[in-house]
Amino acid sequence: MEMDKLVSLCKRRGFLFQSSEIYGGIQGFWDYGPLGVELKRNIKNAWWHDMVSGHDELTQLPGAPSTYEMTGLDCTIIMHPQVWKVSGHYDLFHDFMVDCRTTKRRYRYDQVRGRWANAKGQRIFVATIVEAAEEHEDTQRRAMKFFKLRAKNATQLEFEDAFLSLTEIENMQDVLGPDAKELGTLTAPREFNLMFKTIIGALAGEEGTAFLRPETAQGIFVNFKNVLDSTRVKLPFGIAQTGKSFRNEITPRNFTFRSREFEQMEIEFFCHPDDSSKWYQYWRDRRMNWYTALGLAAERLILREHAEDELSHYSTGTADIEYAFPFLPAGEYGELEGISHRGDFDLRSHMEGKLDPNSNPLELELNEHGKPKHRGSGKDLSYRDDLTGEKYIPHVIEPSAGADRATLAFLCEAYTEDEQPDEKGNMQKRIVMKLHPRIAPIKAAIFPLVKKDGMPELAKKIYADLKQHFNVFYDEKGAVGRRYRRQDEAGTPYCITVDGQSVADNTVTIRDRDTLEQIRVRVEEVLAEIRKRIG
RNA sequence: GCGGGUGUAGCUCAGUUGGCAGAGCACAACGUUGCCAACGUUGUUGUCGAGGGUUCGAAUCCCUUCACCCGCUCCA
């Protein structure tokens with residue numbers, strides 16, 4: 001399937017539009033149209049129902065180490081800035097960076113040093129990122145090479161005394177980059193922000209800087225104690241949240257796959273450290289099965305377990321659920337969801353302060369004064385088991401899914417072209433969105449076969465009845481075949497047609513989108529029949 | 001970020017050397033047919049991605065810019 005066919009259908013039928021399209025669009029932002037909003041909402045509702053509201057905490061589920069509870073949360077997009085400092089998001093990319101155009105390396109602007117060198121009537125700034133003990137030798141060697149000087153002519157090369165920071169150099173054209181062989185390959189410094197910055201308060205200065213959340217997870221961690229204190233949940237239990245997150249993606253691309261504003265469906269599952277590996281296995285398999293149950297083909301999905309050397313040492317496992325999106329090369333997959341074993345990293349961070357992810361065992365990351373680089377809340381986020389009296393910091397399993405990526409995957413999976421006979425028996429191309437009935441935007445369409453002889457009246461009555469239960473659609477215009485095909489493109493699984501016989505014996509036909517087969521049922525049985533089929 | 005391509009009606013696209021903005025489909029109304037998109041009649045639809053320049057005149061030539069696609073890079 002070519003991606004542009006799907007993009008075209010999404011636009012034409014109202015699944016997805018480019019954001020701000022009448023002004024030329026804006027990169028990395030997408031809107032859901034009338035059909036798209038129903039589809040995405042159905043997916044989110046299915047997730048919430050299957051994971052949270054429909055969860056039976058009294059019965060041990062297949063594969064689960066024990067029974068468990070599930071609860072929900074909805075926190076703000078803007079949180080205290082300290083949340084992101086402690087979580088590590090702030091440090092990762094709040095810096096000014098320079099890129100080298102030829103070597104493609106990226107440097108922190110303030111960490112590049114160097115000194116001015118003169119030779120052969122030319123003055124260049126030789127930059128380096130090596131340790132201070134080696135910077136003299138490194139710049140010397142590279143300056144010699146640049147000026148094509150032999151060792152015996154070393155006296156032709158003159159250095160100006162001090163090492164300077166790159167931040168003090170005005171003209172990047174004079175700079176020999178740390179790995180470059182020619183001048184002027186470094187870009188001007190650019191601030192890289194994973195996170196969207198915003199300002200709190202109409203007159204705020206720098207102290208009013210806040211961030212739009214890059215993930216919903218932190219809102220769950222910082223509310224962990226609130227949930228414990230306000231409910232009677234006991235470990236093991238999960239807190240679920242759906243909501244918008246924001247990331248300044250470097251390269252938004254591939255339709256909605258890498259959007260800058262996107263919606264997540266996340267669970268933070270808290271459990272005893274001794275059981276965490278079993279829970280990790282459970283969630284990995286549970287989440288994989290969820291996608292196939294809603295119609296993603298198993299052969300286009302993979303569960304990619306991260307290799308040991310990809311893992312943080314505090315994690316005993318991370319797996320990505322990935323889908324073979326049609327815009328990716330054959331054999332490549334795009335991430336729909338990541339399930340990570342995060343140990344006690346997050347809760348401890350919000351207690352003690354930002355932890356150094358490279359330390360083992362985990363230790364506070366300190367600044368140059370030996371103080372915590374980013375202070376935690378100082379609140380006790382450990383859990384006390386009332387039965388055993390044991391007190392510990394729970395471990396966390398995090399199934400983190402992308403609602404928009406899931407929606408895109410379901411759209412890709414559903415797009416189908418087949419051939420069906422027309423009224424003369426000639427085969428005609430048909431585009432049909434084979435969405436699972438549970439997530440289909442419209443569950444059924446109701447048509448009078450013709451617009452006379454009492455058929456519209458009966459059809460409208462059926463429509464009004466069904467509308468109380470499902471999103472259904474009424475259409476009486478034009479040839480019925482055309483109406484069927486329109487619904488095929490919208491992914492409507494069933495079409496109910498009122499014909500001449502209906503008026504006589506109170507029966508209607510139900511047409512199946514995928515097989516085109518029709519069955520005749522009594523009008524009173526339509527609701528039950530559709531409900532049974534939607535599941 | 002770099003290189004290449006594309007941008008004209010809701011969709012797919014044509015538009016000659018610079019000379020009145022087009023087609024098919026879709027959509028709407030009426031009629032016809034009466035269960036799988038191509039019937040008839042009538043009708044609607046355009047900042048030619050945006051801004052600037054050249055020109056008597058620009059969809060067309062030049063500059064800038066935005067968006068999308070492909071490849072590389074990135075993926076924190």
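The structure displayed is predicted, hence computed values, not measured ones. So you know, we letter chains A, B, ... as the sequences are listed, proteins then strands, and number each from 1.
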Using the 3.5 Å cut-off, write out each protein N or O paired with an N or O of nucleotides 6-10 of chain B and the distance between them.
| residue | atom | partner | partner atom | Å |
| --- | --- | --- | --- | --- |
| G10(B) | O3' | K11(A) | NZ | 3.4 |

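One interatomic measurement links the two molecules: CZ of R258(A) to C1' of A67(B), which rounds to 18 Å at whole-angstrom precision. Regarding L328(A), its CG atom lies at a distance of 17 Å from the P atom of C75(B), rounded to whole Å. Straight-line distance from the CE atom of M3(A) to the P atom of C70(B): 9 Å, rounded to whole Å. Between the CD1 atom of I431(A) and the P atom of U12(B) there is a distance of 11 Å, rounded to whole Å.
F255(A) comes within 4.0 angstrom of the backbone, heavy atoms only, and of no base. Q27(A) comes within 4.0 angstrom of sugar-phosphate atoms only, judged by non-hydrogen atoms across all strands, and of no base. Across all strands, I496(A) comes closer than 4.0 Å to no nucleic acid atom at all (heavy-atom distances). At a threshold of 4.0 angstrom between heavy atoms, the contacts of G14(A) with the nucleic acid are absent. Across all strands shown, E489(A) has heavy atoms under 4.0 Å from base atoms, whether or not it also approaches the sugar-phosphate. At the heavy-atom level, R253(A) lies under 4.0 Å from base atoms of the strands shown.
On the C1' atoms, G53(B) is 36 Å away from U44(B), given to the nearest whole Å. A distance of about 41 Å separates the C1' atoms of G18(B) and G40(B), rounded to the whole Å. As rounded to the nearest Å, A28(B) and C68(B) have P atoms that lie 31 Å from one another. Separating the P atom of A9(B) from that of U47(B) is a span of 8 Å, rounded to the nearest Å. Rounded to whole Å, the C1' atom of U17(B) lies 23 Å from the corresponding atom of C13(B). Using atom P as the reference point in both U45(B) and U6(B), the two lie 31 Å apart (nearest Å). Nucleotides A76(B) and G3(B) are separated by 25 Å at their C1' atoms, to the nearest Å. Nucleotides U42(B) and C48(B), compared at atom C1', are 28 Å apart to the nearest Å.
Close to A76(B), at under 4.0 Å from its OP1 or OP2, lies no side-chain N or O of N248(A).
Screening residues 323-333 of chain A for salt bridge (charged side-chain N to carboxylate O under 4.0 Å, His left out) gives no qualifying pairs among residues at least two apart or on separate chains. For the salt bridge (charged side-chain N to carboxylate O under 4.0 Å, His left out) condition, no pair includes a residue of residues 22-31 of chain A, sequence neighbours left out. The salt bridge (charged side-chain N to carboxylate O under 4.0 Å, His left out) pairs that include a residue from residues 434-453 of chain A are D50(A)-R438(A), where partners are two or more places apart or lie in different chains. Counting only residues at least two apart or in different chains, salt bridge (charged side-chain N to carboxylate O under 4.0 Å, His left out) contacts with residues 397-410 of chain A comprise K40(A)-D404(A).
In this structure, the ring of F255(A) has its center less than 6.0 angstrom from the ring center of W30(A). Taking the six-membered ring where the residue is Trp, the centroids of Y484(A) and F447(A) are separated by under 6.0 Å.
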Would you tabulate the side-chain donor-acceptor contacts of residues 473-481 of chain A under 3.5 Å, counting partners in other chains and residues two or more places apart, or write 'none'?
| residue | atom | partner | partner atom | Å |
| --- | --- | --- | --- | --- |
| Y474(A) | OH | E476(A) | OE1 | 2.7 |
| D475(A) | OD1 | K477(A) | N | 3.1 |
| D475(A) | OD2 | R486(A) | NH2 | 3.4 |

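Looking at residues two or more places apart in sequence or on another chain, you find no ring pair (Phe, Tyr, Trp, His ring centres under 6.0 Å) involving F221(A). With sequence neighbours excluded, the residues forming a side chain to side chain contact (heavy atoms under 4.5 Å, CB included) with Q82(A) are H80(A), K85(A), V86(A), H374(A), R375(A), listed by chain and number. Considering only residues two or more places apart in sequence or on other chains, W283(A) meets the ring pair (Phe, Tyr, Trp, His ring centres under 6.0 Å) condition with Y68(A), F269(A). With sequence neighbours left out, the ring pair (Phe, Tyr, Trp, His ring centres under 6.0 Å) criterion links Y323(A) to F325(A).
With distances taken from any side-chain atom of L516(A) to the nucleotides C36(B), C68(B), G1(B), the minimum falls on C36(B).
Note: R287(A) CZ to S400(A) OG = 10.0 Å, rounded to the nearest 0.5 Å.
Looking only at distances, a side-chain donor or acceptor of E266(A) sits under 3.5 Å from a matching main-chain atom of T216(A).
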Item to check | Under the 3.5 Å Watson-Crick or G-U criterion, the dot-bracket string of RNA chain B, with | for inter-strand pairs | outcome: (((((((..((((.....[..)))).(((((.......))))).....(((((..]....))))))))))))....
Item to check | Protein proximity profile, nucleotides 23-35 of chain B - base contact B, sugar-phosphate-only contact S, no contact -, cut-off 4.0 Å on heavy atoms | outcome: ---SS-S----BB
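Comparing S8(A) and I26(A) along RNA chain B, the residue whose closest nucleotide (by nearest heavy atom) sits nearer the 5' end is S8(A).
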